[in-house]
> 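My structure is below; once you've seen it, I'll send some questions.
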Amino acid sequence: MTTYTWTAPTRRGFLLASAGLAGLGAVFATDGARACDEHPGTGAPSEGRIAGPDEPGEPMEIEGTVYRPDGVTPAAGVVLYAYHTGADGLYAATPGPPRLRAWFRTDPRGRYAYRTIRPAAYPERRFAAHVHTQLWSDTVPAQWGTDLLFAGDPLLSARERRESEALARFANIRPLVRGAGGVWRGVHDLRLKTTGDHFEDNTRHGLQG
């Protein structure tokens, strides 16, 4: 199993437990071993919504660019799957895929953008609020992207701060600026890895549709 340095696996482990699926944590899919040419998102737009206009919460707009592993070349045609909690800190009221999720496909310049609400921390408030990301394409094996975290969140850990700083221009703790209409805006650039990741059964919903 591919390892990575940020703390998302801890948050994902918490998701397993909170969904009553902790026993599945050792069961992994093998999507990361190959590119994904027959999975959802291949026809998705580069811009769109995760949360509808009537979703409770503070509106938020995120844009960014996905880069190849060299960190320089924009990656066109890559599917970005993003999901997060609602204003109540929950992914869904019942077991199943997250309620707030969407697929995007980067444009020729590797760019994407989405509008949603600012996610809330889990009710237990053990982890900072975040947006999960996964990426794949017909030439890119399925993999976790960095979780989007928010500067100023009091729940950010010292480890998360260190690891974000180490990512330099791809730091995943991002500042948000509140603009007209109370909309929070930020930028989250992502760098692809050369190898894919394995996904626990309850985090494969992006690949399953």
Side-chain angles (χ1 to χ4, degrees), residues 6-8 10-12 14-15 18 41 44-67 74 78-93 97-107 109-135 144-191 203 205-206:
W6 55 89
T7 57
T10 301
R11 287 189 291 272
R12 293 170 196 144
F14 176 79
L15 175 57
S18 64
S46 61
E47 300 182 9
R49 281 187 174 273
I50 296 178
D54 297 326
E55 181 70 27
E58 300 178 341
M60 180 178 75
E61 294 180 353
I62 299 297
E63 63 179 4
T65 302
V66 177
Y67 290 89
V78 173
V79 175
L80 167 67
Y81 175 63
Y83 66 97
H84 61 80
T85 62
D88 57 1
L90 301 175
Y91 289 104
R99 188 173 58 82
L100 298 177
R101 61 176 184 149
W103 295 260
F104 307 96
R105 189 169 183 264
T106 59
D107 69 13
R109 296 181 299 163
R111 296 191 59 78
Y112 72 90
Y114 59 79
R115 181 159 183 150
T116 188
I117 60 146
R118 187 167 179 169
Y122 300 146
E124 292 78 3
R125 297 189 61 79
R126 292 175 54 195
F127 304 106
H130 53 278
V131 178
H132 288 300
T133 65
Q134 298 175 358
L135 305 116
W144 287 104
T146 54
D147 286 345
L148 170 60
L149 300 169
F150 306 105
D153 189 328
L155 295 178
L156 286 169
S157 68
R159 178 183 174 185
E160 286 170 326
R161 296 177 191 278
R162 289 194 303 270
E163 291 172 348
S164 177
E165 184 177 355
L167 292 172
R169 61 172 294 203
F170 295 102
N172 62 317
I173 297 178
R174 306 303 305 166
L176 295 179
V177 177
R178 201 166 197 176
V183 179
W184 292 101
R185 292 182 172 87
V187 177
H188 183 206
D189 289 341
L190 294 152
R191 181 177 183 174
T203 60
H205 37 76

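Note that the structure is a prediction, hence the values are computed from the model and not measured.
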> Examine distances only and state if a side-chain atom of D153 and a backbone atom of A129 form a donor-acceptor pair shorter than 3.5 Å.
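Looks like yes, one N/O pair under 3.5 Å.
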> From L190 CG over to Q134 CD, what is the distance, rounded to the nearest 0.5 angstrom?
12.0 Å
> Could you report the tightest heavy-atom contact between P56 and A87, atom names first, then the distance?
O-CB, 3.8 Å
> With E55, which residues qualify under side-chain hydrogen bond (donor to acceptor under 3.5 Å, both in side chains), at least two apart?
R99
> To the nearest 0.5 Å, how far apart are CZ in R125 and CG in L155?
4.5 Å
> Could you tell me whether the side chain of T85 and the main chain of A120 form a donor-acceptor pair under 3.5 Å?
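Such a contact is found between T85 side chain and A120 backbone.
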> For T146, is there any backbone N or O sitting under 3.5 Å from a side-chain donor or acceptor partner on T133?
yes
> Rounded to the nearest 0.5 Å, what separates atom CD1 in I50 from atom CZ in R115?
12.5 Å
> Hey, what do you get for CG (L148) to NE2 (H132), rounding to the nearest 0.5 Å?
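Going from CG on L148 over to NE2 on H132, the span is 11.0 Å.
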> For T65, which of R191, R109, R111 qualifies under side chain to side chain donor-acceptor pair (under 3.5 Å)?
R111
> Which is it for Y122 and H130 under the ring pair (Phe, Tyr, Trp, His ring centres under 6.0 Å) test, yes or no, and what are the steps along the way?
CA-CA 10 Å; Y122 300 146; H130 53 278; 5.3 Å; yes
> Indicate the atoms forming the closest heavy-atom contact of W103 with H205, along with that distance.
CZ2-O, 4.1 Å
> So how far is it from H84 NE2 to Y114 OH, rounded to the nearest 0.5 Å?
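Result: 6.5 Å between the selected atoms.
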> Looking only at atom types and distance, does a side-chain atom of N172 sit under 3.5 Å from a main-chain N or O of D147, one as donor and one as acceptor?
yes
> State, without any angle test, whether R105 and S46 hold a side-chain donor-acceptor pair at a distance under 3.5 Å.
no
> Could you note down all residue pairs passing side chain to side chain donor-acceptor pair (under 3.5 Å) where residues 174-184 supplies at least one of them, sequence neighbours left out?
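Sorted pair list: E58-W184.
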> CG of L156 to CG of L149: how many Å apart, nearest 0.5 Å?
6.0 Å
> Looking at side-chain heavy atoms only, is the closest gap between V131 and F150 below 4.5 Å?
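The answer is yes; the side chains approach within 4.5 Å.
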> Do the non-hydrogen side-chain atoms of P123 and L90 ever get within less than 4.5 Å of each other?
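Yes, close enough: below the 4.5 Å cut-off.
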> Heavy-atom distance under 4.5 Å between the side chains of I62 and L176, does that happen here?
yes
> Going by side chain to side chain contact (heavy atoms under 4.5 Å, CB included), P59 matches just one of T116, V183, I117. Which one?
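Among the candidates, only V183 passes.
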> side-chain contact (heavy atoms from CB on, under 4.5 Å) between E63 and V187: does it pass, once the steps are laid out?
CA-CA 5 Å; E63 63 179 4; V187 177; 4.1 Å; yes
